Amino acid sequence: MKTYVVGNWKMHFDINQSSVYLHKICRRLTARRGVAVAVAPSFMALQPLALQMARHQHQGIYLCAQNVATKDEGAYTGEVSAQQLRGVVQYCIVGHSERRHIFGETNKDVRAKVAQCRKNRITPILCVGETAGERDFGETRDVLRDQVLSGVSEVAKDEIDKIIIAYEPVWAISSTGEAQLASPDEVAKNVRFIRDLLEQTYGEEAKSTPILYGGSVNATNAGGYLTVPGVNGLLIGGASLILDEFCDIVEVAKRVSK
Ligand code: PGA
């Protein structure tokens with residue numbers, strides 16, 4: 001399986017800054033067989049960056065959306081559909097904890113978004129993870145079970161390897177202010193739990209579903225997380241905005257994936 005390195009730029013960088021930053025990343029990254037690198041700029045920058053990549057033939061760097069609508073089309077002011085994203089992005093983050101907790105996305109919304117992505121040949125990166133409170137109350141497994149099984153419930157068995165799961169404990173995400181670092185043991189345990197859930201539901205096919213880790217990943221700890229058994233890549237927020245950090249993480253991924 002490939003190793004994934006996905007940078008979520010969140011609501012940072014305007015179009016010009018995104019373009020310059022992508023250019024710098026492309027210049028820095030050398031051949032990286034076995035590693036898939038994706039960046040998720042704002043909706044505004046997706047189309048210009050797609051054109052930029054096509055023009056410069058930046059192979060092996062993919063574009064990812066940060067969100068998508070639950071519906072095909074219609075009177076949904078401010079939404080962007082998977083139909084509209086089709087052909088522009090290869091990946092789409094779905095159900096990020098900021099969407100769930102700040103914008104009130106429910107498991108039902110997340111399920112519809114995953115289905116929209118699949119229908120339009122976009123690989124959803126389904127984010128799941130417990131909050132600090134849920135962890136303290138021993139509810140981590142219940143939360144993961146709900147979020148994972150509900151999120152993938154409209155995915156056909158032969159498509160389960162065409163979605164990506166990102167395990168991101170909310171208490172480990174840097175922007176939450178009081179982020180703690182998740183220990184590799186805890187990540188291993190929860191990633192194993194997610195893999196078992198998928199295999200119980202989908203059988204052998206789920207062995208090929210990539211599972212990423214996210215939460216305060218940087219160039220220093222990336223190797224530790226990438227060598228956790230069952231982790232197939234990283235979803236990176238804050239550190240993906242810093243050229244050296246992001247490119248160093250890709251280098252680590254290259255070494256680990258060998
Ligand atoms: P972080 O964000 O790497 O800044 O913790 C991860 C994420 O929100 O996906």
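In this text the structure is predicted, and so the values were computed from the model without any measurement. Keep in mind that the numbers below use all heavy atoms, side chains included, and drop hydrogens, waters and symmetry copies. Order of appearance sets the numbers: ligands from 1, and atoms from 1 within every ligand.
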Taking the minimum heavy-atom distance to atom 7 (C) of ligand 1, which of Glu98, Gln66, Glu168, Glu245 ranks first? Glu168

Pick whichever of Gly215, Gly237, Ala40, Ala239 has a heavy atom sitting closest to atom 2 (O) of ligand 1. Gly237

In Å and rounded to the nearest 0.5 Å, what is the OG to CE distance from Ser19 to Met53? 10.0 Å

With rounding to the nearest 0.5 Å, note down the distance linking SG in Cys127 to CD1 in Ile125. 7.0 Å

Any Gly214 heavy atom less than 4.0 Å to ligand 1: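 It does not; every heavy atom stays at 4.0 Å or beyond.
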
Give the residue and atom name of whichever protein heavy atom lies nearest to atom 4 (O) of ligand 1, and the separation in Å to one decimal.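 Among all protein heavy atoms, the one nearest atom 4 (O) of ligand 1 is Ser174 OG, 2.4 Å.
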
Suppose I only count heavy atoms of [X] and a 4.0 Å limit; which atoms of ligand 1 are within that range?
X: Gly238; value: 1 (P), 3 (O), 4 (O)
X: Ile173; value: 2 (O), 5 (O), 8 (O)
X: Lys10; value: 2 (O), 7 (C), 8 (O)

Ring pair (Phe, Tyr, Trp, His ring centres under 6.0 Å) partners of residues 62-83, not counting sequence neighbours, each pair once: Tyr62-Tyr91

Looking at ligand 1, does any of its N/O atoms fall within less than 3.5 Å of an N/O of Ser216? yes

State which residues pass side chain to side chain contact (heavy atoms under 4.5 Å, CB included) with Asn218; sequence neighbours excluded, sorted by chain then number. Thr220, Asn221, Ala239, Glu245

Around atom CZ of Arg28, are there more than 12 heavy atoms of other residues, nucleotides or ligands at under 6.0 Å?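 It does: Arg28 CZ has more than 12 such atoms within range.
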
Any luck finding a side-chain donor-acceptor pair between Ser81 and Glu73 under 3.5 Å?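 The answer is no; no qualifying pair exists.
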
